[in-house]
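Values in this document were obtained by computation on a predicted structure and should not be read as measured data. Below, chains carry the letters A, B, ... as their sequence lines are ordered, and counting in each starts from 1.
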Amino acid sequence: MHPMGYDSFGLPAEQYAIQTGQHPAVTTEANVARYREQLDQLGFCYDWSREVRTSDPAYYRWTQWIFAELFESWYDTAAQCAKPISALLDMLNSDGLTSVQPACDGDWWIELPAGEYPWDESFGGALTADQWHACDARAQSHILMQFRLAYLADSEVNWCPALGTVLANDEVKDGLSERGSHPVVRKRMRQWIMRISAFSQRLIDDLNALDWTDSIKEAQRNWIGRSEGASVHFGLDNPAGSTIEVFTTRPDTIYGVSFMVLAPEHDLVESLTSAEQKEAVKAYQTAAAQKSERERQGAGEHEVSGCFTGGYAVHPLTGEKIPVWIADYVLAGYGTGAIMAVPAGDERDWKFAKAYSLAIPAIFEGVDTADSVYTGKDIALCNSNEFDGKVPIEAIPLAIAHLEKKGMGTGQVNYRLRDAVFSRQRYWGEPFPICYHGEVPQLIRDAQVTLPPVDAYLPTEDGDPPLARAKKEDWNVTRGDRMEYNTMPGWAGSSWYFLRYMDPHNSAEFCSREKSDYWGQVDLYIGGAEHTTGHLLYSRFWTKFLFDRGWIGFNEPFKRMINQGMILGRSNFVYRIQGTNQFVTFEKRKEFQTQRLHVDINLVQSDKLDVDEFMAWRPEYANAEFILNENGEYTCGHEVEKMSKSKFNVQTPDDLVESYGADTLRCYEMFLGPLTQHKPWDTQGISGVHNFLRKLHRLFNRTKASSIATDAQHRILHKTIKKVSDDLDRNAFNTVISALMIGVNELLDAEAQSAEFLQPLAILVSPVAPHLAEELWQLSGGANNVLDQAWPAAEERWLTSDEVTYPISFNGKVRFKLTVPADLDAKSVESQVLTHEKAQDYITGKTVRKVIVVPGRIVNIVLS
RNA sequence: GCGGGUGUGGUGAAAUUGGUAGACACGCUAGAUUUAGGAUCUAGUGCCGCGAGGUGUGUGGGUUCGAGUCCCUCCACCCGCACCA
């Protein structure tokens with residue numbers, strides 16, 4: 001099966017709709033037709049009866065169905081398996097949460113206030129059946145939401161107030177929106193989220209059985225980021241009885257804790273902060289919120305910053321008072337958003353302690369940590385009571401046991417992988433099959449929700465997503481108080497399409513079990529390594545989910561994968577002066593604070609921008625102003641990078657097909673280099689490949705029916721058959737082309753003229769140059785179609801030769817060549833070489849220490 | 001900083017298991033042919049050297065009869081993630 005489809009929801013179509021007012025379905029349709037034309041023109045053999053489009057309601061109906069099933073599922077951590085929510089309900093009704101551990105946030109009850117739920121302040125998550133029964137329907141639905149695999153929760157987004165919309169990281173440049181150069185802030189928003197983190201361990205473990213490159217597997221492991229350590233509770237005075245939970249990979253260093261740090265957004269910051277510190281803390285929090293995620297984490301040198309809350313925690317083992325700070329370097333989204341700081345043993349804690357003159361207790365034997373930090377694991381601990389004299393490898397398990405005994409902590413495994421935000425405030429995506437009764441979301445399962453028409457593809461004035469523009473009667477289904485206004489992200493439809501290929505027209509199921517059992521996993525997946533931490537992880541997640549629930553019989557989507565290299569393009573840039581609509585030429589860009597923006601390469605000739613076309617390109621540039629160079633021109637910057645729609649550096653194959661033909665383009669692309677390597681798109685060498693195809697044509701054009709092939713010609717042909725077959729098997733398409741070039745050159749030299757003899761060559765060429773191959777097949781008198789012919793076999797008798805030429809080397813340096821009968825044994829080769837007159841020149845006056853004869857390959861004579 | 005990848009002529013690259021480094025092309029040089037050409041053909045083309053020869057796969061070392069290939073060291077560039085407790 002060799003199918004093709006379109007991941008046809010997404011930003012470029014939506015952006016175009018915003019600019020032109022045309023419905024994205026219309027432009028998408030046109031684009032698909034265009035792609036199909038190009039694919040056909042290039043001679044690709046896809047099974048078009050299996051084509052899918054993620055934006056087709058008949059397809060996204062099943063994307064919606066999978067979402068609904070995720071919503072109706074929870075994860076049993078004991079069984080490591082996704083299960084239907086009905087099973088969890090049964091448990092809750094009989095035992096509460098006493099005998100089951102659903103995957104959830106460590107403090108899932110934190111946003112369910114004690115007053116409104118049947119528990120008090122000291123509730124720690126151990127819900128009883130009685131408490132469950134005491135909840136009303138609304139409360140029960142909120143509790144269940146904490147355990148669903150698709151759930152609603154607050155999450156931070158890039159919010160651009162001026163545009164009234166949420167931006168992707170891609171659309172934010174230097175803290176300003178790429179479009180319009182407006183400020184962007186971080187904002188909490190109610191979002192659909194996928195509980196991929198529940199699958200973390202399986203996503204790591206199951207990598208072992210996959211035939212993928214080690215680099216991709218390693219990158220996924222790092223992304224998932226398993227770390228072992230302990231969860232430790234630090235008590236607080238205020239509010240009395242409360243605790244800060246931290247995760248640490250080094251519980252053995254707990255006696256070196258001299259302060260604690262919370263993320264500025266941490267829930268406990270408010271109650272911890274003393275009256276005197278209130279203002280400073282507030283200011284720090286505001287400053288942190290105004291920084292974009294990129295700025296806060298990445299930008300430039302990491303300057304330490306933080307603020308004392310005025311509050312204190314209690315050390316779980318020593319009972320000492322420990323100051324609690326907030327700082328940027330602790331991330332709200334990782335672990336518990338809080339750390340115990342051990343300045344002696346952690347780089348960042350050490351820098352922080354130095355910057356704010358906090359104590360650095362010495363806990364490593366013979367190491368003075370006043371001047372430098374020690375992060376190794378080879379030195380024994382000191383000043384650590386029961387861990388004194390032990391190296392970390394011994395002390396870590398001891399520390400965990402000790403904390404557990406005292407009830408102050410537990411051993412824990414943490415994963416870096418975060419749950420995946422599944423909402424987009426966009427129009428051109430799958431609508432959710434969800435309506436709301438008040439705050440409570442409800443699934444719509446008896447009818448498919450399709451995208452309603454809207455008057456504009458922009459957010460509403462209140463900042464609601466575009467779908468909020470649809471009036472009640474615009475929706476094909478309306479339920480509850482309102483419909484869900486968000487749409488699904490791009491990766492929704494692309495996470496399962498390979499299953500739809502197996503059963504593309506099924507209107508009763510996403511894919512019948514019979515079909516998925518028949519086809520099984522994808523045997524070979526050729527895709528880009530740039531999807532490592534996105535698509536390739538999400539597909540694995542959804543596959544495991546569908547497997548757990550019994551809808552498919554395998555738990556990994558892609559058995560074997562080859563990562564093709566990216567084709568790189570040459571991008572052009574313009575430089576916008578920050579906060580203005582003024583663009584400065586490349587030569588003068590350093591005189592201003594600018595944002596570098598991609599510009600469509602079609603508007604640029606030899607790096608000179610056509611400013612009129614540029615102004616017409618997008619409405620926001622209609623009244624752009626330009627600062628030109630001395631020649632009155634606007635020069636663009638340039639860079640070679642991934643060829644991509646979002647970088648506006650895409651070159652279409654059309655012109656090349658026009659002047660050289662589709663077969664030349666196909667062959668040239670293969671000839672450029674190995675499949676897995678990145679290659680800049682450069683058409684310089686295309687004439688060489690074009691020449692080759694013309695020579696090939698000439699070879700077939702001068703055939704004579706009466707001609708009979710010589711032995712030498714047979715040897716050339718069969719050598720070529722073998723090389724091409726072998727190289728195709730190992731996906732070395734670049735050397736397939738050069739083997740064919742060599743074969744054709746040699747056959748031309750050998751004046752091959754027998755049409756029948758040349759027929760296998762036409763078949764060899766058919767995978768790389770199908771159009772020409774068909775013509776050659778006809779020219780050589782072949783019947784029917786070249787593509788239906790059996791692949792030629794290389795005959796052994798033409799591959800062997802009765803003679804073999806040995807390179808003769810002395811001390812590893814090749815000096816001359818010697819041709820001997822192929823069946824001559826090593827001993828005889830040796831004596832022939834040593835008695836050869838040319839050998840005497842090198843041997844004379846020296847001692848032959850050793851003679852190495854590698855049969856069929858080389859002879860090496862070691863002299864001293 | 002962490003992780004991954006890549007380093008071979010002027011350029012894209014080949015060398016599949018440790019066995020003649022630079023196949024096959026592009027480009028370049030010279031010549032032939034042509035009204036002309038960015039067409040075609042012939043010869044040459046890693047570097048140094050008139051030559052014999054020497055030298056050469058990012059650097060330095062090692063293993064081996066033999067290393068682009070294996071081991072160690074360092075360097076450069078590219079990609080991803082960027083304070084992950």
Enquirer: To the nearest Å, give me how far apart CZ (A/Arg857) and P (B/G66) are.
Expert: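 Taking atom P of B/G66 as the reference, CZ of A/Arg857 is at 18 Å.
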Enquirer: OP1 or OP2 of B/C81 versus the side-chain N and O atoms of A/Arg418: is any pair under 4.0 Å?
Expert: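 The answer is no; no side-chain N or O of A/Arg418 sits under 4.0 Å from OP1 or OP2.
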Enquirer: Rounding to a whole Å, what distance do you find between A/His690:NE2 and B/G27:P?
Expert: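 A/His690 atom NE2 is separated from B/G27 atom P by 14 Å.
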Enquirer: With a cut-off of less than 4.0 Å, is there a side-chain N or O of A/Asn734 near OP1 or OP2 of B/A25?
Expert: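 False: A/Asn734 side-chain N/O out of range (4.0 Å or more) of B/A25 OP1/OP2.
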Enquirer: Under 30°, 30 to 60°, or over 60°: which ring-plane class applies to A/Tyr842 and A/Phe810, parallel, tilted or perpendicular?
Expert: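 A/Tyr842 vs A/Phe810 ring planes: parallel.
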Enquirer: Are any side-chain N or O atoms of A/Lys217 and backbone N or O atoms of A/Leu207, one a donor and one an acceptor, separated by less than 3.5 Å?
Expert: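 Side chain of A/Lys217 to backbone of A/Leu207: a pair is present.
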Enquirer: Can you find a side-chain donor-acceptor pair between A/Glu245 and A/Ser231 that sits under 3.5 Å?
Expert: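 Their side chains do contain a donor-acceptor pair, which is all the 3.5 Å distance test asks for.
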Enquirer: Is A/Ile852 touching bases, backbone alone, or none of the nucleic acid, heavy atoms closer than 4.0 Å?
Expert: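 Base: the residue A/Ile852, judged by heavy atoms under 4.0 Å, touches a nucleobase.
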Enquirer: With syn defined as a glycosidic angle within 90° of 0 and anti as everything else, classify B/G4.
Expert: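 This nucleotide is in anti.
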Enquirer: For the atom pair NZ (A/Lys838) and CG (A/Leu818), what is the distance rounded to the nearest 0.5 Å?
Expert: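 Rounded to the nearest 0.5 Å, the NZ-CG separation comes out at 9.0 Å.
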Enquirer: We want to know whether A/Ser809 and A/Asn860 form a side-chain donor-acceptor pair, criterion being a heavy-atom distance below 3.5 angstrom.
Expert: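 Judged by distance alone, the side chains do pair up.
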Enquirer: Mark yes or no for whether A/Ser384, through its side chain, and A/Tyr255, through its backbone, hold a donor-acceptor pair below 3.5 Å.
Expert: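 No; judged by distance alone, with no hydrogens or angles, the pair does not exist.
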Enquirer: Identify which nucleotide among B/C83, B/U40, B/G4 has an atom closest to any side-chain atom of A/Arg694, counting heavy atoms from C-beta outward.
Expert: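 Nearest to the side chain of A/Arg694 among the choices is B/U40.
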Enquirer: Using a heavy-atom cut-off of under 4.0 Å over every strand shown, decide if A/Val854 touches base, sugar-phosphate, or nothing.
Expert: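 Touches a base.
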Enquirer: With rounding to the closest Å, how many angstrom separate the C1' atoms on B/A21 and B/G56?
Expert: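 Each nucleotide's C1' atom is 9 Å from the other's.
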Enquirer: What's the closest nucleotide to the A/Lys813 side chain, out of B/C84, B/U55, B/U40?
Expert: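 Per side-chain heavy atoms of A/Lys813, the pick is B/U55.
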Enquirer: Starting at CD1 of A/Ile858 and ending at C1' of B/G19, how long is that distance when rounded to a whole Å?
Expert: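 Roughly 5 Å, once rounded to whole Å.
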Enquirer: Side chain to side chain donor-acceptor pair (under 3.5 Å) for A/Ser494 and A/Tyr538? Distances and angles first, verdict last.
Expert: CA-CA 9 Å; A/Ser494 63; A/Tyr538 298 134; over 6 Å; no
Enquirer: Nearest-Å distance, CG (A/Asn811) to C1' (B/U64)?
Expert: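 In whole Å, B/U64 C1' and A/Asn811 CG are 13 Å from each other.
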Enquirer: Are any of A/Asn414's side-chain N or O atoms less than 4.0 Å away from OP1 or OP2 of B/A85?
Expert: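 No, because none of the side-chain N or O atoms of A/Asn414 sits under 4.0 Å from OP1 or OP2 of B/A85.
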Enquirer: Let's see if you can work this out: which of B/A85, B/C84, B/G12 has an atom nearest to the side-chain heavy atoms of A/Phe671?
Expert: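 Ranking B/A85, B/C84, B/G12 by closest atom to the A/Phe671 side chain puts B/G12 first.
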Enquirer: Say we look at B/G27 and B/G7: how far apart would their P atoms be, to the nearest angstrom?
Expert: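 The same atom, P, in both gives a distance of 25 Å.
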Enquirer: How far does the P atom of B/U16 sit from the matching atom of B/C70, given to the nearest Å?
Expert: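 One P to the other, the span is 11 Å.
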Enquirer: In whole Å, what separates the C1' atom of B/C81 from that of B/C74?
Expert: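 It comes out at 25 Å once rounded to the nearest Å.
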Enquirer: Which of residues 246-257 of chain A have a heavy atom under 4.0 Å from RNA chain B?
Expert: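 Only A/Phe247, A/Thr248, A/Thr249 qualify.
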Enquirer: Taking the C1' atom in each of B/C50 and B/U57, what is the distance between them to the nearest angstrom?
Expert: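 Result for the C1' pair: 28 Å, nearest Å.
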Enquirer: Would you tell me if any nitrogen or oxygen in the side chain of A/Gln677 comes within less than 4.0 Å of OP1 or OP2 on B/U6?
Expert: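 Checking A/Gln677 against B/U6: no side-chain N or O falls below 4.0 Å of OP1 or OP2.
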Enquirer: Base, sugar-phosphate, or nothing for A/Asn860, non-hydrogen atoms under 4.0 angstrom?
Expert: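 Here A/Asn860 touches the bases of the nucleic acid.
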Enquirer: Between A/Thr683 and A/Tyr668, does any side-chain donor sit less than 3.5 Å from a side-chain acceptor?
Expert: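 Per modelled atom types, A/Thr683 and A/Tyr668 side chains form no pair under 3.5 Å.
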Enquirer: Which whole number of Å gives the distance between the C1' atom of B/G68 and that of B/G18?
Expert: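 To the nearest whole Å, 11 Å.
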Enquirer: Between P on B/A14 and CE on A/Met741, what's the gap in Å once rounded to a whole number?
Expert: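 These atoms are roughly 14 Å apart.
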Enquirer: If you check every side-chain atom of A/Asn691, which of B/C26, B/C83, B/A85 has the closest atom?
Expert: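 Of the options given, the side chain of A/Asn691 lies nearest B/C26.
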Enquirer: Need one value for A/Arg698: base, sugar-phosphate or nothing, where a base atom within 4.0 Å counts as base even if backbone is also close, heavy atoms only.
Expert: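 Contact class for A/Arg698: sugar-phosphate only.
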Enquirer: Given A/Asp726, which of A/Lys722, A/Arg730, A/Lys723 fulfils the side-chain contact (heavy atoms from CB on, under 4.5 Å) condition?
Expert: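 With A/Asp726 as partner, side-chain contact (heavy atoms from CB on, under 4.5 Å) holds for just one option, A/Lys722.
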Enquirer: Closest-nucleotide mapping onto RNA chain B: is A/Lys679 or A/Tyr415 further toward the 5' terminus? I mean the 5' end.
Expert: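 Looking at the nearest nucleotide for each, A/Lys679 comes out on the 5' side.
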Enquirer: Looking only at side-chain atoms of A/Tyr334, point me to the closest of B/G3, B/U16, B/C84.
Expert: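 It is B/C84.
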Enquirer: If you take atom types as modelled and just measure distance, does the side chain of A/Lys723 reach the base of B/U16 with a donor-acceptor pair under 3.5 Å?
Expert: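 Looking at the base of B/U16, it does pair with a donor or acceptor on the side chain of A/Lys723 (distance under 3.5 Å).
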Enquirer: Could you state the CG-C1' distance from A/Leu331 to B/A82, rounded to the nearest angstrom?
Expert: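 So the CG-C1' distance, A/Leu331 to B/A82, works out to 10 Å.
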Enquirer: Identify the residue among A/Thr336, A/Leu262, A/Ile339, A/Val246 that makes a side-chain contact (heavy atoms from CB on, under 4.5 Å) with A/Val330.
Expert: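 Among A/Thr336, A/Leu262, A/Ile339, A/Val246, the one meeting side-chain contact (heavy atoms from CB on, under 4.5 Å) with A/Val330 is A/Ile339.
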Enquirer: Going by the side-chain hydrogen bond (donor to acceptor under 3.5 Å, both in side chains) test, which pairs reach into residues 738-748 of chain A, not counting sequence neighbours?
Expert: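 Residue pairs with at least one partner in residues 738-748 of chain A: A/Lys695-A/Asn745, A/Lys719-A/Glu746.
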Enquirer: Of the options B/C84, B/U20, B/A14, whose atoms approach the side-chain atoms of A/Pro674 most closely?
Expert: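 Side chain of A/Pro674 sits closest to B/A14.
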Enquirer: If I compare all heavy atoms of A/Ala344 with all of A/Pro361, which pair ends up nearest, and what's the gap?
Expert: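 A/Ala344 and A/Pro361 have their closest heavy atoms at CB-O, 3.4 Å.
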Enquirer: A/Glu218 has a side chain; which of B/A25, B/G4, B/A15 sits nearest to it?
Expert: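 Nearest to the side-chain atoms of A/Glu218, counting from C-beta on, is B/G4.
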Enquirer: What nucleotide among B/C24, B/C65, B/G27 has an atom nearest to a side-chain atom of A/Ser687?
Expert: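 Of the options given, the side chain of A/Ser687 lies nearest B/G27.
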Enquirer: Roughly how many Å is it from CG in A/Leu675 to C1' in B/A14, rounded to a whole number?
Expert: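 The answer, rounded to whole Å, is 16 Å.
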Enquirer: Using atom C1' of each nucleotide, how far apart are B/C78 and B/U69 to the nearest Å?
Expert: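 So the two C1' atoms sit 23 Å from each other.
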Enquirer: Let me check I have this right: for RNA chain B, each base becomes ., (, ), [, ] or |, based on Watson-Crick or G-U pairs with both distances under 3.5 Å. What is the full string?
Expert: (((((((..(((......[....)))((((((.......))))))(((....)))..(.(((..]....))).))))))))....
Enquirer: Out of B/G3, B/A85, B/U16, which nucleotide sits closest to the side chain of A/Ile339?
Expert: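 Looking only at side-chain atoms, A/Ile339 lies closest to B/A85.
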Enquirer: Work out how far the C1' atom of B/C28 is from that of B/U35, and round it to whole angstrom.
Expert: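 Here B/C28 and B/U35 have their C1' atoms 27 Å from each other.
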Enquirer: Please report, rounded to the nearest Å, how far the P atom of B/C26 is from the CE atom of A/Met670.
Expert: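 In whole Å, B/C26 P lies 18 Å from A/Met670 CE.
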Enquirer: Between A/Ile686 and A/Asp726, which is nearer to the 5' end of RNA chain B once each is assigned its nearest nucleotide?
Expert: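 With A/Asp726 and A/Ile686 compared, the 5'-side residue is A/Asp726.
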Enquirer: Mind checking whether A/Phe692 and A/Phe671 have ring centres under 6.0 Å apart?
Expert: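 No: the rings miss the under 6.0 Å criterion.
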Enquirer: Any idea which of B/C83, B/A14, B/C84 is nearest the A/Arg416 side chain?
Expert: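 Selected nucleotide (nearest to the side chain): B/C84.
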